[in-house]
Amino acid sequence: IYNEERITFGEIMINLGCFFKIKFFSSYQGKDELGNKYYTSKFKNSEGKNSRFVVYNGYEDASKISPLWHSWIHYITDEIPNLDKSYSWV
């Protein structure tokens with residue numbers, strides 16, 4: 001049985017759009033222990049804040065964001081998590 005996964009034109013365009021957004025309109029902020037990469041937009045959104053987003057390592061699942069990065073991505077803190085820093089609750 002021959003099973004070929006085909007990538008549609010729409011999927012290619014979405015991937016290209018993400019590539020250009022990251023390359024030209026975003027700033028890299030860091031990487032967590034799972035390999036997820038975090039970025040901020042170079043432009044302010046309607047609330048006057050830079051948008052924050054994550055590029056998942058592997059499949060997309062919001063539960064793959066560590067608690068420290070979760071607080072950053074939801075604007076609870078502006079401090080970018082440092083993996084080398086030890087916390088009393090970890």
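Heavy atoms only: backbone and side chains are in, while hydrogens, waters and symmetry mates are out. All figures in this text were calculated on a predicted structure; none of them were measured in a lab.
Of all heavy-atom pairs between Lys42 and Ser26, the closest is CE-O, 3.3 Å. Across all their heavy atoms, Leu68 and Pro81 have their closest contact at O-CG, 3.5 Å.
The CD1 atom of Ile80 lies 7.0 Å from the OG1 atom of Thr40; values are rounded to the nearest 0.5 Å.
For the residue pair Lys31 and Asn36, no side-chain donor N or O sits within less than 3.5 Å of a side-chain acceptor on the partner.
Between Tyr38 and Trp72, the ring-plane angle classifies as perpendicular under the 30° and 60° cut-offs.
For Glu11, the CD atom sits in a packed shell: over 12 heavy atoms of surrounding residues, nucleotides or ligands are nearer than 6.0 Å. Around the NZ atom of Lys64, the shell of radius 6.0 Å holds more than 12 heavy atoms that belong to other residues, nucleotides or ligands.
Hydrophobic clustering (side-chain heavy atoms under 4.5 Å, transitive across Ile, Leu, Val, Met, Phe, Trp, Tyr) keeps Tyr39 apart from Val54. Hydrophobic cluster membership differs between Phe9 and Ile14, with clusters built from Ile, Leu, Val, Met, Phe, Trp and Tyr side chains linked at under 4.5 angstrom. At a threshold of 4.5 Å between side-chain heavy atoms, the hydrophobic network of Ile, Leu, Val, Met, Phe, Trp and Tyr places Tyr28 and Phe19 in two separate groups. A single hydrophobic cluster is not seen to contain both Val55 and Met13; linkage of ILVMFWY side chains at heavy-atom distances under 4.5 Å, directly or through other members, places them apart.
Applying the salt bridge (charged side-chain N to carboxylate O under 4.0 Å, His left out) criterion to Asp78, with sequence neighbours excluded, gives Arg52.
Ile76 belongs to no hydrophobic cluster with other residues, because no ILVMFWY side-chain heavy atom falls under 4.5 Å from its own, directly or through intermediates.
Taking the ring centre of Phe53 as origin, the terminal cationic atom of Lys21 falls inside the region bounded by 6.0 Å and 45° from the ring axis.
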